[in-house]
Amino acid sequence: MTIESRCLKKIKRIVQNELGPFSVLPQGSKARLIALFSLHTYKRNQLITRPSKEADFLYFLVEGAINLKIKDQIIPLKEGMLFGEECALDQKDYIGTATATSQDVTVARIHKYDLIQLVKNDRKMLNELILNFSREFTRKFQQKPEKGIRKKKVDLPFNENIYLFGWILAILTPIILFYVLGNYYDFQIKQKLFLCILSGTLITWAFRLVPEFIPSIFALLISLGIGLTDPKVILSGFSSRTFIMALGIFGIAAIIMSSGLLYRILLNLLNKVPKNNILVNMSMFTLGSILTPTVPDMTNRVNLSASFVKDAYATLRLHYKEKMWTVVVANALQSVTLLGPAFLSSSVRNYVLLGLFWGQYQAQFQWMGWLKASFVTALILIVLHSIAMAILMRGFTKINLSKTLISRQLETLGPPTSYEWAAAVGTLICFIGMATSRYHRINPETIALLVMSTFLTFSFIRRDGFNTDINWTELVYLAGLTGLLSTANHIGLLHMISDKLEFVGNYILGNFNKTIAILFVLITLTRFVMPKGPTIFIFGSILIPIAQTIGISPWIMAFIILIFGESFYFPFQSPEYSNFRFVLMKNHPFKERSVLTLNAILNLLKLAAVYLSLPYWKSIGLLSL
């Protein structure tokens, strides 16, 4: 048995059975913990911790003996004993000196950030750590409250003057616009009022004054308050088929994320794949691609991807200064963002645009119909991404994949739990059912809601999980935008815009290839001042009705808007990427310029993928130009 194998076996045994504070963790967290520990060897009389040293790591003794000296007291440590708990309590420095007293001493250590990420939502474990530490050092240590780690929301650089100017503009613009539109008799009074409400909403989005879902709800409330139209129309987003579908998918995503199934899949993929750079990265890309249709919230997908990357950091024995680490990070980011427009269930924005389709088109482009139309584009993007990864990994040595570590983690996980089986079976039933809905005639939204209801009935999703694990803000955002579009359609505004922009439709018919390039430029420029949600909303509400009027499939226009609208070039354009960067940069820094450069290149390749997909769209009857 190798030294690594022997030590990993001891770590596994201690984490599972002997190390009190960690015994409260679920099996999935214990498996992650094993990977996060790193082994270090010390010689006799070598110092491990000292009072002037920053408390960055939690240690436990794997082999050998250590003396822990605190003031005049010496505490002998034996195999399996914990020390360095100061880091778990967010203390600045260690208060004791740990010295190796045997010839060879092996310790396992975990960085305090990784530890806090494990326990930040588990107060029981945190209390166990505090109690364990207090028993030995009550009179030597003054405890400070645990600060935890907060997610950093990165946005445009905050400036109070810009913030104030944005609010003034959001208040005054609707008033000014109302008087300006008063000179145009083509607009009915309800249409003028709606445009005024919408103008304030757009400015609030542009200046990012509040979270993205709030302006749409506020616009609905104003519309209800002034009696703009029938309340059933204004609130129709909360009863639409798209809302019910999204609710069901979010419910399924909740159990997928909480069950530990994804982490088991990651470990099994890494365990089976050969020690080859390209194959390991493609395995991780495959897992991210699985997340895309099953987790309909990019924020959650990106956070899961960051978690998987940190797990891979330990399993692959990478160093953050290596170029390979930056490649792994870039690959993980693209795995959960690149294919979003290809799956209807990947984002609420897809459902918003689907709500603009006429009835027959909505029926045609449900989950399987959407995938059929986007399949070739997705395949092209995967090939282009693979080529880019292969070029970046040229000359890299064989990746150091620790199969022994993965085996210990899988042993720690044990057999699949009932929650994992429920997540796997429920997901398969849902997506197979949606893919075959044309044969059994059961609506896709009914299938998704039925699966979620089954999870609730058998307590696979508990009441607190139903409240916290489902992203209700995204669902409210979806309902708000759908209600705004329904209101605009009901008062005749969308039809009027289509008539007024008839020349745009004629240009699209005669110059469709040029239109794609123009849209790429316009949407890219708009994304510098607008978040992706409002950008997609604006272009979709204008161009999809026009496309349907001139006989172009609305799906093609929606897909082009989505694939260009979800692109970003700088961190401020994507809060999801900003969170991803914050999670990893803390202790696993990567070369951000390289990651953003690859992302920009893939954004340009998206344009090429659209052009390469045109023959396929013509062959299946979506395009006849």
Rounded distance (nearest 0.5 Å) linking atom [atom1] of [X] with atom [atom2] of [Y]:
X: E566; Y: T337; atom1: CD; atom2: OG1; value: 8.5 Å
X: L612; Y: I380; atom1: CG; atom2: CD1; value: 4.5 Å
X: L164; Y: L169; atom1: CG; atom2: CG; value: 11.0 Å
X: N471; Y: F213; atom1: CG; atom2: CZ; value: 9.5 Å
X: I226; Y: L193; atom1: CD1; atom2: CG; value: 4.5 Å
X: L269; Y: I290; atom1: CG; atom2: CD1; value: 6.5 Å

Would you find a donor on one side and an acceptor on the other, under 3.5 Å apart, between the side chain of [X] and the backbone of [Y]?
X: N603; Y: S567; result: no
X: T292; Y: G288; result: yes
X: R527; Y: F568; result: no
X: T446; Y: I442; result: no
X: H490; Y: T229; result: no
X: S346; Y: F343; result: yes
X: S223; Y: L228; result: no
X: S578; Y: P571; result: yes
X: Q362; Y: W358; result: no
X: N303; Y: T299; result: yes

Parallel, tilted or perpendicular: which fits the ring planes of [X] and [Y], with parallel below 30° and perpendicular above 60°?
X: W167; Y: Y163; value: perpendicular
X: F537; Y: W205; value: perpendicular
X: F559; Y: W555; value: parallel

So do the side chains of [X] and [Y] get within less than 4.5 Å of each other, counting heavy atoms only?
X: L304; Y: V336; value: no
X: Y616; Y: L379; value: no
X: L622; Y: I552; value: no
X: S374; Y: W370; value: yes
X: M298; Y: S574; value: no
X: L494; Y: L356; value: yes
X: M282; Y: S386; value: yes
X: T436; Y: M368; value: no

Neighbour count above 12 (heavy atom, 6.0 Å) for [X] [atom1]:
X: Y611; atom1: OH; answer: yes
X: Y361; atom1: OH; answer: yes
X: Y507; atom1: OH; answer: yes

Can I get a per-line list of side-chain donor-acceptor pairs under 3.5 Å for residues 233-257, giving both atom names and the distance, sequence neighbours left out?
from: S236; atom 1: OG; to: V233; atom 2: O; distance (Å): 2.7
from: S236; atom 1: OG; to: S486; atom 2: OG; distance (Å): 3.1
from: S239; atom 1: OG; to: S236; atom 2: O; distance (Å): 3.3
from: S240; atom 1: OG; to: G237; atom 2: O; distance (Å): 3.2
from: S240; atom 1: OG; to: T242; atom 2: OG1; distance (Å): 3.0
from: S240; atom 1: OG; to: F243; atom 2: N; distance (Å): 3.2
from: R241; atom 1: NE; to: E445; atom 2: OE2; distance (Å): 2.6
from: R241; atom 1: NH2; to: E445; atom 2: OE1; distance (Å): 3.3
from: R241; atom 1: NH2; to: E445; atom 2: OE2; distance (Å): 3.4

- Between the side chains of E212 and Y477, does any donor sit under 3.5 Å from an acceptor? yes
- Do Y577 and E592 have a side chain donor and acceptor closer than 3.5 Å? yes
Where is the tightest heavy-atom contact between [X] and [Y], given as atom of each residue plus distance?
X: L519; Y: F564; answer: C-CD1, 4.2 Å
X: I544; Y: P554; answer: CG2-CB, 3.9 Å
X: F431; Y: M434; answer: CD2-CE, 3.3 Å
X: A378; Y: L339; answer: O-CD2, 3.9 Å
X: M557; Y: I508; answer: CE-CD1, 4.2 Å

- Mind running side chain to side chain contact (heavy atoms under 4.5 Å, CB included) on T487 and F194 for me, showing each step along the way? CA-CA 8 Å; T487 302; F194 182 84; 3.9 Å; yes
- Task: Applying side chain to side chain donor-acceptor pair (under 3.5 Å), name anything that partners S498, two or more places apart in sequence or on another chain.
- Result: none
- State whether R301 and E474 are salt-bridged, where the test is any N-O pair (Lys NZ or Arg NE/NH1/NH2 against Asp/Glu carboxylate O) under 4.0 Å. no
- Message: Listing request: all salt bridge (charged side-chain N to carboxylate O under 4.0 Å, His left out) pairs with a residue in residues 486-501, at least two apart in sequence or in separate chains.
- Response: D186-K500
- Which of T473, L484, T201, V476 passes side-chain contact (heavy atoms from CB on, under 4.5 Å) with I217? It is V476
- Run the numbers on K532 and E576 for salt bridge (charged side-chain N to carboxylate O under 4.0 Å, His left out), then give the verdict. CA-CA 11 Å; K532 63 182 175 184; E576 297 88 358; 3.4 Å; yes
